[in-house]
Structures are given as structure tokens and as C-alpha cells.
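Only this structure's heavy atoms are used, side chains among them; waters, hydrogens and symmetry mates stay out. In what follows, chains are A, B, ... by sequence order, proteins preceding strands, each numbered from 1.
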There are 2 protein chains.
Amino acid sequence: MHPLRRVRIQPDMDFEKRLEWFRNECAAAGLPCTHQREVLYRALVEAKDHPSPEMLYERVKRKIPSISLGTVYRNIKIFLDHGLIGEVSLHHGSLRLEANNEPHHHLVCRHCRKMFDLPAAGVHAIRLRRALPEGFQVERFVVEAHGLCQECAAPKKRRSN
Amino acid sequence: MHPLRRVRIQPDMDFEKRLEWFRNECAAAGLPCTHQREVLYRALVEAKDHPSPEMLYERVKRKIPSISLGTVYRNIKIFLDHGLIGEVSLHHGSLRLEANNEPHHHLVCRHCRKMFDLPAAGVHAIRLRRALPEGFQVERFVVEAHGLCQECAAPKKRRSN
DNA sequence: TTATTAGATGAGAATTATTACTATCTTGTC
DNA sequence: GACAAGATAGTAATAATTCTCATCTAATAA
Ligand SMILES: [Mn+2]
Ligand SMILES: [Mn+2]
Ligand SMILES: [Zn+2]
Ligand SMILES: [Zn+2]
């Protein structure tokens, strides 16, 4: 409704702009914008290293020494559910294994998180448009096609996905 | 040394062939080829679903009811260390977060597991060579460039990587 | 402002995933 | 078959995450 509500967030946006966006998103979602949430969000915006919940907890404790790890986890989940932040991988939580040690890619269902092989031959070689940053030596590219598997995409009888 | 030792494993190889390969690899690595290991390896070859350690444990228990979960984890690690099997993701174990919710890719160091952003604009669009299997609906492609970061690639003073 | 109240917080217990410890048992070798 | 290195099962310990609940706070209306 408010014109600022739906502003798109940009990587180079300064923090005040992002905080404004964050507050609008919280309001739109009916989430109280607590001090803890703002400090957590700021720590995420300032982080350049894809922190873990524990790392985030350590950083946020400097600003709010009494904050609890439970609050960090609880809000991480809420932020993720509302698309306010992103998680790097769909596969954290448990090791997933396969005997196939030939390089290949995967289809990953974002709902049930099942994984299906996508043979390397089925994907054209990955090509970069520009040089990589800062001396990183790439050994191979791994592709994940994220989406919905047949089961999760099908309109269900009863339960929705 | 033995001509069979270095045979390359193929996805369509039958299990007897793979088992032979497995035994040779164990011998080459000085690993006793125990009954537990063979049954674990067979379960991995037969699995099409990228099982977790717990799933593997459940399956293997049907063949060896007395096997312990510790044995499953211990051998998974050994198999991985020797390249006998693969793991799907470098990111299991802990959630990793970022405020940047624009789609983008990552450089991932296989040694220290640090992650660096690779803007989507820096990679040409992913193109498939053939149709996807079985009705999977792709929403987006995520690329990970695996390799070594500057620090881990540099020839260290003392400790090796 | 103040009162109200839905929902958030901190503390700690509980659960899940993984690793470590150790006495006993196998595998590979002679 | 005997030996030694290393593996196993069972169990304790640790790490990662979620849950429970008494108390507190942000958002709203009076
Ligand atoms: Mn696979
Ligand atoms: Mn990123
Ligand atoms: Zn699915
Ligand atoms: Zn590194």
C-alpha cells in the first residue's frame, strides 16, 4: 500500500534504507519489530561471510549481551520463512551420500528436499562472464536445479504443499 | 599394480563389478574389507535417493541387525576420505545465512569451506542439453564453484593445507 | 499517556546429529 | 592357527537445533 512497502532491496543499498525496508516487511507480515530483530538483521546485512547461527549469536551478543541463542534461532527461522534473508544451502542439517563419485549435478526439490541426479553431460559447460574475484582457484562447477519435484508440484488431493 | 586395481567405476556397472573395485580400493588403502563395510557399500550403491547416515543405518540393519550407528558414521567418513563415495553438499552441519536475498551464486573453498558471492550476472545462463527427467519443475539454477580460496591455495609457511 | 494483549524474550530442558571412548572381536598376514 | 593392526558394538559425550514456559514488550486503541 505505502509506496515504500514494495521497494526492491539492492546489494548496495545502505543500511538505513534496508532497515526501513525491513520494518515495512515486518509490518506487512504482522511481525513486531523488536530491538533484537533489528540488531539481528543489521548483523546479517553487515556480515560478508555467510555466518552460522552461532556466529551470528556471538556478534549480536556484543550489542545485546542478554540475548539468547534461542531467540537467534527463532528469528532466523522467521526471517527465512518471510524471505527477509536467505540460506546458502538446502542441504544443511544432515549429511547426504551417494556411491556415484563421478562429478554430476542435482535437481533439488525445495519442498521435500529430495535430490535427483542430473548427469554432467546433460548440462552445457558453465561459462563465466568475468574474472573471478581475488585469486580463487576453481576446480569444478556444481549446478543445482532448484524447484519442485513431480510429487510436490502436483495439485494434492487433500493437504496443500 | 593389479590391472583391475585402477578400473574406473561407471554408473551402470553391476554390483559385483563395483564390489570388486571396492575391495581393490580397500586393499590399496590398507583398509580391512569387513562384512560391515561391504554391506554399507552395497546399500550405498543400491540407494538412488542420496541417503542420510540415519537412513543408511536403517537399511543396513536389515542385513546386520547388530550394527551400530557409530560404525555407520565411522565408515562413511572413511569412505569419503578415500573417495569411495561422495557427499552431496559441502554445507551440511550448520545453517549458513545472508541478508542478500537476490539470486546469486557462490565460490566455495573445499578446504576451509568459506563462501564468497558470485553475482548471477557473472555467470552465463545455464543451458540444458536434454530434457529433465520425470516432470521436475525447475525454478532456478544455483551454481557453486568449488575449489580453493586464496589463503588455502597459497603454499603455506609451516602447516600444509 | 495508559491499558490491553498478541506475540516476543530469556533460561533452560529436550531432541537430533555427530563424535569419542573402550573392551572385545575380525581381518589380513605369516 | 597365531599375531597384530585395526574394526566393532555399546555407550558416553558433544554439537546443533528445537521446545517449553514464565515474564516482558511492541503495537494499538482509549
Ligand atoms: Mn547424485
Ligand atoms: Mn551469498
Ligand atoms: Zn518434492
Ligand atoms: Zn579456503
Any pair counted as salt bridge (charged side-chain N to carboxylate O under 4.0 Å, His left out), so long as it reaches [range], sequence neighbours left out:
range: residues 140-149 of chain A; answer: none
range: residues 66-92 of chain A; answer: A:Glu87-A:Arg113
range: residues 116-130 of chain A; answer: none

Distances for protein N/O vs nucleotides 25-30 of chain D N/O pairs under 3.5 angstrom?
| from | atom 1 | to | atom 2 | distance (Å) |
| --- | --- | --- | --- | --- |
| D:dA27 | OP1 | A:Cys33 | N | 3.0 |

Partners passing salt bridge (Lys or Arg N to Asp or Glu O under 4.0 Å) against A:Glu16 (at least two apart in sequence or in another chain):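 Result, salt bridge (Lys or Arg N to Asp or Glu O under 4.0 Å) vs A:Glu16: none returned.
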
Residue-phosphate contact under 4.0 Å: B:Tyr73 side-chain N/O, C:dT19 OP1/OP2: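 For C:dT19, OP1/OP2 do not have a side-chain N/O of B:Tyr73 under 4.0 Å.
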
Every protein N/O lying under 3.5 Å from an N/O of nucleotides 11-14 of chain C:
none

Geometric class of the B:His50/A:His104 ring pair [parallel <30°, tilted 30-60°, perpendicular >60°]: tilted

Tabulate protein N/O versus nucleotide N/O from nucleotides 22-24 of chain D, keeping only pairs under 3.5 Å, one per line.
none

B:Glu58: partners by side chain to side chain contact (heavy atoms under 4.5 Å, CB included), with sequence neighbours left out: B:Glu54, B:Lys61

Non-neighbouring partners of A:Glu139 that pass side chain to side chain contact (heavy atoms under 4.5 Å, CB included), sequence neighbours left out: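 With sequence neighbours excluded, A:Glu139 shows a side chain to side chain contact (heavy atoms under 4.5 Å, CB included) to B:Arg110, B:Leu148, given in chain and number order.
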
Remaining members of the apolar cluster that contains B:Met55, side-chain heavy atoms under 4.5 Å: none

Linked hydrophobic residues, A:Val142 as query - side chain contacts closer than 4.5 Å: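 Other cluster members: none.
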
Axis-to-axis angle between the two ends of the helix from C:dT1-D:dA30 to C:dC30-D:dG1 (five base pairs per end, rounded to 10 degrees): 40°

Length of the line joining B:Arg37:CZ and D:dA9:P, which is rounded to integer Å: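 So the two atoms are 11 Å apart, to the nearest Å.
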
Protein-nucleotide distance (A:Ile76, atom CD1; D:dT17, atom C1'), rounded to Å: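 Roughly 10 Å, once rounded to whole Å.
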
Sugar-phosphate, base or nothing in reach of B:Leu69, heavy atoms under 4.0 Å: base

Sugar-phosphate only, base, or nothing, as touched by B:Gly93 at under 4.0 Å among non-hydrogen atoms: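 Counting heavy atoms under 4.0 Å across all strands, the contact made by B:Gly93 is with sugar-phosphate only.
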
